[in-house]
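This report refers to the structure that appears directly beneath it.
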Amino acid sequence: MNPAEFLRLKSDLKTFETDHPKFPAFVRYCADRGLREGTVVEIVLRQPDGAATKANMRLNEHDVKTLKRLRQILYPED
């Protein structure tokens with residue numbers, strides 16, 4: 001990712017956090033509790049018409065390391 005794209009992503013992330021303050025707070029809370037191998041992450045997408053799609057994954061060691069690196073990149077002040 002080139003630096004201009006990264007800066008645009010950071011700006012978009014700030015806007016997302018402003019528009020949806022509870023979601024980043026939830027993600028930080030979960031990360032602070034310690035994402036560990038074996039943790040199950042489940043996501044439900046509910047469309048305006050009520051249709052829902054659900055997916056989940058069990059974190060492995062590589063997932064945990066990748067998520068920690070991503071957090072360090074996106075939130076270096078944490």
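The structure displayed is predicted, hence computed values, not measured ones. The chain is numbered in sequence order, starting from 1.
Qualifying side chain to side chain contact (heavy atoms under 4.5 Å, CB included) partners for F6, counting only residues two or more places apart in sequence or in other chains: M1, K10, I73. Qualifying side chain to side chain contact (heavy atoms under 4.5 Å, CB included) partners for E17, counting only residues two or more places apart in sequence or in other chains: L13, K14, P24, R28, Y75. Considering only residues two or more places apart in sequence or on other chains, K68 meets the salt bridge (Lys or Arg N to Asp or Glu O under 4.0 Å) condition with none of them. Looking at residues two or more places apart in sequence or on another chain, you find no side chain to side chain contact (heavy atoms under 4.5 Å, CB included) involving L7. Residues passing the salt bridge (Lys or Arg N to Asp or Glu O under 4.0 Å) test with D12, sequence neighbours excluded: none. Listed by chain and residue number, nothing satisfies the side chain to side chain contact (heavy atoms under 4.5 Å, CB included) test with A55 (two or more places apart in sequence, or in another chain). Taking the side-chain hydrogen bond (donor to acceptor under 3.5 Å, both in side chains) definition, one finds that N56 meets it with nothing, sequence neighbours left out. Residues forming a side-chain hydrogen bond (donor to acceptor under 3.5 Å, both in side chains) with Q47 (at least two apart in sequence, or on another chain): none. Applying the side-chain hydrogen bond (donor to acceptor under 3.5 Å, both in side chains) rule to E42 yields no partners; only residues at least two apart in sequence or on another chain are considered.
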Donor-acceptor list for residues 30-38 side chains, cut-off 3.5 Å, not counting sequence neighbours:
unit_1 : atom_1 : unit_2 : atom_2 : d
D32    : OD1    : R71    : NH1    : 3.2
D32    : OD1    : R71    : NH2    : 2.9

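In this structure, OG1 on T66 lies 8.0 Å from CG on N60, to the nearest 0.5 angstrom.
Residue I43 places its CD1 atom among 12 or fewer non-hydrogen atoms of other residues, nucleotides or ligands, all under 6.0 Å distant.
Y29 belongs to no hydrophobic cluster, as no Ile, Leu, Val, Met, Phe, Trp or Tyr side chain comes under 4.5 Å of its own. Within the hydrophobic cluster formed by Ile, Leu, Val, Met, Phe, Trp and Tyr side chains joined at under 4.5 Å, directly or through other members, F16 is accompanied by F23, F26, V27.
Taking 4.5 Å as the limit, some side-chain heavy atom of L59 sits within range of a side-chain heavy atom of L67.
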